[in-house]
Q: 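This structure is in structure tokens; I'll ask about it shortly.
Every heavy atom of this structure was used, including side-chain atoms; hydrogens, water molecules and symmetry mates were not.
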2 protein chains.
Amino acid sequence: MEEVQIGGMRFTLDLSQPLYEQVLDQVRSSIAKGEIALGSKIPSVREMAQALKINPNTVMRAYQELERDQLTETRRGQGTYITTDSARVEQIRYRAAEQAIQEFLGKMASFGFDAQAIEKLLRKYGGEST
Amino acid sequence: MEEVQIGGMRFTLDLSQPLYEQVLDQVRSSIAKGEIALGSKIPSVREMAQALKINPNTVMRAYQELERDQLTETRRGQGTYITTDSARVEQIRYRAAEQAIQEFLGKMASFGFDAQAIEKLLRKYGGEST
DNA sequence: TAAGTGCATTATATCACTTAATACACTTAA
DNA sequence: TTAAGTGTATTAAGTGATATAATGCACTTA
């Protein structure tokens, strides 16, 4: 539950998920929400590892997945930079949204809620998130 | 992707999740959707294990979690039975729904979608599940 | 009594995740 | 040229969750 500030991003790691996945999610979220400027540099692997008190290899794994999604570009000897391709960011955003929706609706259906019931529940429980 | 019929339920196991979790989810779903009658008996641990071609201990783990949630009652020497307490089933259903909603909204928020955007996307992608 | 229940125990194996320690190629600035 | 900082690759080791295997026990029913 410890919060760490680094490179204009806030990080909170716990043991509920793989560390590399949490780093990946939180950097991707910062990009998607526009909290970090396109084209800007993110902390180096070693710097991030030290700040989060985790192994550089674990950070590497997260960074490599970001690059596979073309959300970052890495320049050998220089560092890792957020893409300047805003269309790519939008693509990732909507792809993630579609997947989240499918998962959500599938789970709700497995508990026997139809579209109408889901709509009603969304109004009831939808008010109080972060 | 192999589908197995047993005890009035359809099972499909894969390697994407722990086996005990998949068994747990699919039995719980059958109860929640009313596909299996309250008070009825579900297959024995050994029977289920043989049908799904997995270890009895793995089935046990799923069954124990069902009993912890009071969705089943086990009678030593007799077997495992679905609860007759319909209110309990409803409680589990709505608790699960609330959790799914919170997770969904949290994920969408992390990608920068507000309530209005979520509503719009639900209409767009909401049609084609199952 | 025999067969079928849930349940407990012990051992083993596998896999994902994480850390650790090094090393190398590259870039930049002193 | 040098030194420091980049990403990256490699090898080794440890840990925990998951799953299987083999056995046995207490209980219930036919």
Q: To the nearest Å, give me how far apart CE (B:M60) and P (D:dA19) are.
A: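 Going from CE in B:M60 over to P in D:dA19 covers 15 Å.
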Q: Identify whether the distance between the nearest side-chain nitrogen and carboxylate oxygen of A:R93 and A:E90 falls below 4.0 Å.
A: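 Yes, charged N to carboxylate O under 4.0 Å.
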Q: Please check this pair: side chain of B:R88 against backbone of B:D69, looking for a donor-acceptor N/O pair closer than 3.5 Å.
A: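 Yes, B:R88 side chain to B:D69 backbone: donor-acceptor pair under 3.5 Å.
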Q: Is the shortest side-chain N/O distance from A:Q64 to OP1 or OP2 of D:dA9 below 4.0 Å?
A: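 Result: yes.
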Q: Map B:N55 and A:N57 onto DNA chain D by nearest heavy atom, then report which one ends up closer to the 5' terminus.
A: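 Closest to the 5' end, via its nearest nucleotide, is A:N57.
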Q: Under a 3.5 Å distance rule, please check whether B:S29 uses its side chain to pair with a backbone N or O of B:Q26 as donor and acceptor.
A: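 Absent.
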Q: Report yes if a side-chain nitrogen or oxygen of B:Y20 is closer than 4.0 Å to either non-bridging phosphate oxygen (OP1 or OP2) of D:dA19; otherwise report no.
A: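 B:Y20 to D:dA19 OP1/OP2: no side-chain N or O under 4.0 Å.
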Q: So what does B:E67 hit on the nucleic acid, given a heavy-atom distance under 4.0 Å: a base, only sugar-phosphate, or nothing?
A: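 Contact class for B:E67: sugar-phosphate only.
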Q: Among A:I92, A:I82, A:V27, A:L24, find the residue that satisfies the side chain to side chain contact (heavy atoms under 4.5 Å, CB included) test when tested with A:L71.
A: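 Per the side chain to side chain contact (heavy atoms under 4.5 Å, CB included) rule, the option paired with A:L71 is A:I92, out of A:I92, A:I82, A:V27, A:L24.
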Q: Let me know the distance between CG of A:L52 and P of C:dT19, rounded to the nearest Å.
A: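 Nearest whole value for this atom pair: 10 Å.
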Q: Between C:dA20 atom P and A:I54 atom CD1, what is the distance in whole Å?
A: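 Distance check: A:I54 CD1 to C:dA20 P gives 11 Å.
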Q: What are the two closest heavy atoms between A:G39 and A:T84, and how far apart are they?
A: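 Nearest pair, atom of A:G39 first, then A:T84: CA-CG2, 3.7 Å.
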Q: State, to the nearest 10°, the angle formed by the axis through the first five base pairs of the helix from C:dT1-D:dA30 to C:dA30-D:dT1 and the axis through its last five.
A: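 Nearest ten degrees gives 10° for this helix.
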Q: With a 4.0 Å cut-off on N to O distance, would you call A:R68 and A:E65 a salt bridge?
A: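 The answer is yes: the pair qualifies as a salt bridge.
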Q: Please report, rounded to the nearest Å, how far the C1' atom of D:dA17 is from the CD atom of B:E65.
A: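 In whole Å, D:dA17 C1' lies 14 Å from B:E65 CD.
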Q: Nearest nucleotide by nearest heavy atom, which residue falls closer to the 5' end of DNA chain C, B:K41 or A:P56?
A: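 Of the two residues, B:K41 wins.
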Q: Can you list, in residue-number order, the parts of residues 73-82 of chain A that come under 4.0 Å of DNA chain C, counting heavy atoms only?
A: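 Residues of residues 73-82 of chain A that come under 4.0 Å of DNA chain C are, in numerical order, A:R76, A:G77, A:Q78.
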Q: Give the rounded distance in Å between these two atoms: CE of B:M48 and C1' of C:dT5.
A: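 Taking atom C1' of C:dT5 as the reference, CE of B:M48 is at 15 Å.
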Q: Over 60° means perpendicular and under 30° means parallel, so tell me whether A:F104 and B:F104 are parallel, tilted or perpendicular.
A: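 Correct class here is parallel.
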Q: Starting at atom CG of A:L19, determine the distance to atom C1' of D:dG16, rounded to an integer number of angstrom.
A: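 Taking CG of A:L19 and C1' of D:dG16, I get 13 Å after rounding.
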Q: To the nearest 0.5 angstrom, please state how far the CG atom of A:L66 sits from the CD1 atom of A:I42.
A: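 If we round to the nearest 0.5 Å, A:L66:CG and A:I42:CD1 are 6.0 Å apart.
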Q: Could A:E119 and A:R123 be called an ion pair, given the rule that one side-chain N must be under 4.0 Å from one carboxylate O?
A: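 A salt bridge links A:E119 with A:R123.
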Q: Map A:R46 and A:E21 onto DNA chain C by nearest heavy atom, then report which one ends up closer to the 5' terminus.
A: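 Taking each residue's closest nucleotide, the earlier one in sequence belongs to A:E21.
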Q: For the pair made of CD1 in B:I42 and C1' in C:dG6, what is the distance, rounded to whole Å?
A: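 For the pair B:I42 CD1 and C:dG6 C1', the rounded distance is 12 Å.
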Q: Roughly how many Å is it from CZ in B:R61 to C1' in C:dT9, rounded to a whole number?
A: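 After rounding, the reported distance stands at 16 Å.
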